[in-house]
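Worksheet for the structure shown next.
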Amino acid sequence: MKVQELIDNTGQQMRKGILELCILAIISDEKEAYPSDIIKRLEAAEMIVVQGTLYPLLARLKSAGLLDYTWKESDAGPPRKYYSLTKDGEEFLNGLMSNWQKLVEAVNQSTRSLTANNKEVK
Amino acid sequence: MNKVLNINLGGMPFTIDEDAYDHLRTYLKTIHKHFSSSEGYEEITADIEARMAELFQEKLGNRPIVTLADVKHVIAIMGTPEDFGAESIGEDAPKSDSGKRWEFKTGKRLFRNPDDSVVGGVCSGIAAYFGIQDPVWVRLAFILLTVSGGFGIPLYLILWAVLPEAKTASDRLAMRGEPANVSNIGRIIEEELSYMSKKMGELGEELKAEFSKKKK
């Protein structure tokens with residue numbers, strides 16, 4: 001029970017660290033992204049637990065000049081904000097992405113013995 | 001029967017039960033307070049309100065009125081500021097500092113605790129005030145005072161007379177020194193509800209007794 005709790009907590013910390021990267025990647029993928037759609041994709045990937053997490057992050061990225069938004073009319077209610085990457089945002093995302101790839105390699109290297117053992121067991 | 005209110009949440013109109021409205025308002029207040037010193041404060045809160053409006057729409061379907069259960073459901077999805085507050089936004093440190101000071105100011109109050117009492121709840125109230133897990137230690141101290149100098153009983157009686165009883169849920173929170181914030185509200189309401197249903201049950205029993213008397 002205790003170990004499971006620790007796993008959950010640490011897993012949450014890991015996800016938190018790469019949440020920014022995922023949000024930016026989703027926005028880059030959609031070109032113009034509506035926050036509720038970003039939430040849907042993040043939830044499908046089990047990246048966030050509570051939806052409120054997204055909004056302060058978007059605000060921070062926006063005030064850092066990495067994101068921008070435009071208002072668009074919607075058929076279902078009031079106008080909606082659509083977020084897109086700025087030039088700086090694209091550069092930032094590329095930088096994060098290469099960082100992430102390095103990290104994946106580093107982690108794979110450090111845990112190689114574990115994954116090798118696992119395969120033998122299977 | 002329940003009173004309803006009409007509100008505009010994120011640019012969408014809703015009809016909402018009064019108790020649900022109070023719950024929602026407290027939640028939004030906590031959100032506003034949490035982000036009030038962050039950059040982009042208005043955008044964060046406006047976006048969160050707009051998202052909550054969407055979630056209410058999805059949840060309601062064809063139902064006309066937002067109920068307390070709907071509000072609780074949506075708050076669970078959005079999360080409390082504590083849940084996503086860990087996402088550091090700019091000047092987070094000084095804010096949490098002032099939060100602590102505020103908690104300290106409103107702090108704990110000394111009550112008698114009727115939920116865990118042997119005589120008058122004085123000892124368990126004192127234990128809650130000083131954060132002692134088990135009131136039995138305070139009771140032991142009183143017994144020691146009584147045995148060693150006879151001072152315990154008069155002191156107890158004075159405290160019993162002077163201290164107010166923790167009657168409501170917010171009293172009980174103040175007794176334990178827990179601030180009344182969003183994460184506590186659910187519990188407060190549950191405590192209030194169980195108290196109410198107990199009262200209603202008693203009332204029902206009384207009425208039944210009256211009724212059966214009349215029948216005879």
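So you know, we letter chains A, B, ... as the sequences are listed, proteins then strands, and number each from 1. Keep in mind that this is a model prediction, so the values were computed, not measured.
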For A:Tyr55 and B:Met78, what are the C-alpha separation, side-chain angles and deciding distance, and is it a side-chain contact (heavy atoms from CB on, under 4.5 Å)?
CA-CA 10 Å; A:Tyr55 298 96; B:Met78 288 304 286; 4.0 Å; yes
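- For chain A, the nearby parts of B:Glu43 are the backbone and the side chain; heavy atoms of each come within less than 4.5 Å.
- At a cut-off of 3.5 Å, with distance as the only test, a side-chain donor of A:Gln4 or A:Asp8 sits close to an acceptor on the other residue.
- At a heavy-atom separation below 4.5 angstrom, chain A is approached by no residue within residues 58-67 of chain B.
- At a heavy-atom cut-off of under 4.5 Å, chain B is reached by no residue from residues 99-110 of chain A.
- Two residues are said to be in side-chain contact when any heavy atoms from C-beta on lie closer than 4.5 Å; A:Leu57 and A:Leu67 fail this criterion.
- Looking at B:Ala50, there are no atoms closer than 4.5 Å to chain A (heavy atoms on both sides), in backbone or side chain.
- The minimum heavy-atom distance linking B:Tyr156 with B:Gly121 is given by the pair OH-N, 3.6 Å.
- Each of A:Arg80, A:Lys81, A:Lys40 was scored for a side-chain hydrogen bond (donor to acceptor under 3.5 Å, both in side chains) with A:Tyr34, with one residue passing: A:Arg80.
- Remark: of the listed residues B:Leu55, B:Asp47, B:Ile48, B:Leu55 is the sole one forming a side chain to side chain contact (heavy atoms under 4.5 Å, CB included) with B:Arg51.
- Between the side chain of A:Thr86 and the backbone N or O of A:Leu66 there is at least one donor-acceptor pair closer than 3.5 Å.
- Residue A:Leu58: no heavy atom, backbone or side chain, is found under 4.5 Å from chain B.
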side-chain contact (heavy atoms from CB on, under 4.5 Å) assessment of B:Phe56 paired with B:Val71
CA-CA 8 Å; B:Phe56 278 131; B:Val71 172; 3.9 Å; yes
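- Remark: aromatic rings of A:Tyr82 and A:Tyr69 are distant, center separation not under 6.0 Å.
- When all heavy atoms are compared, the tightest approach of A:Val50 to A:Thr53 is O-OG1, 2.7 Å.
- Looking at A:Glu90 and A:Lys87, no side-chain N of the basic residue comes within less than 4.0 Å of a carboxylate O on the acidic one, giving no salt bridge.
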